[in-house]
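Only one structure is covered here, and it is reproduced in the block below.
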Amino acid sequence: MRVEKFKGRKEILKTEYTERDLKAELNFYLSDKFIQDLFLLDEISLEEYRKIRRENIKKFRPILSELLL
């Protein structure tokens with residue numbers, strides 16, 4: 001393994017989230033929790049769960065959506 005010293009300084013940018021962003025995050029979380037419960041109760045299949053979750057990610061655009069897909 002090769003270790004190199006970090007040269008330079010990269011500035012960290014603080015992201016400002018709007019109330020709309022936070023509401024979308026909450027709506028996604030609540031929706032995801034609901035479909036998880038449906039899946040755990042065997043009301044929907046794994047395939048249906050994944051399909052609904054993908055659609056919710058597209059609709060609500062949660063902050064970390066890139067990691068969820």
Side-chain angles (χ1 to χ4, degrees):
M1 179 168 85
R2 185 175 174 197
V3 178
E4 293 183 22
K5 184 178 180 181
F6 177 70
K7 297 175 185 174
R9 184 175 184 193
K10 187 174 183 179
E11 185 152 341
I12 299 173
L13 300 175
K14 183 178 178 184
T15 305
E16 297 286 331
Y17 296 110
T18 65
E19 187 174 335
R20 184 178 183 184
D21 294 333
L22 297 175
K23 283 183 179 180
E25 193 76 18
L26 177 63
N27 288 335
F28 171 76
Y29 172 78
L30 293 174
S31 174
D32 197 49
K33 178 69 175 131
F34 181 71
I35 62 171
Q36 281 179 15
D37 290 345
L38 289 176
F39 172 68
L40 292 174
L41 293 171
D42 288 329
E43 297 294 328
I44 61 173
S45 68
L46 180 59
E47 183 178 319
E48 290 170 319
Y49 167 75
R50 288 178 176 165
K51 185 176 180 181
I52 295 168
R53 191 164 197 263
R54 278 193 301 271
E55 291 300 316
N56 284 340
I57 290 170
K58 290 177 188 175
K59 180 178 179 181
F60 295 117
R61 301 270 182 207
I63 295 168
L64 298 176
S65 61
E66 298 88 30
L67 300 176
L68 297 172
L69 290 174

## Note on the structure
To the nearest 0.5 Å, atom CG of N56 lies from atom CZ of R53 at 9.0 Å
### Task
State plainly whether the residues E19 and K23 are in salt-bridge range, i.e. N to O under 4.0 Å.
yes
### Interatomic spacing from OG in S31 to CD in Q36 - rounded to 0.5 Å
10.0 Å
## Note on the structure
CZ of R61 to CG of D21, rounded to nearest 0.5 Å, is 12.0 Å
### Query
Using links of under 4.5 Å between side-chain heavy atoms of ILVMFWY residues, direct or through other members, which residues join L38 in one cluster?
F34, I35, F39, L40, I44, L46, Y49, I52
### Query
Other hydrophobic cluster members with Y29, side-chain heavy atoms of Ile/Leu/Val/Met/Phe/Trp/Tyr under 4.5 Å, chained?
L26, L30
### Query
Is there any salt bridge (charged side-chain N to carboxylate O under 4.0 Å, His left out) pair reaching into residues 34-48, and which pairs are they, with sequence neighbours excluded?
K33-D37
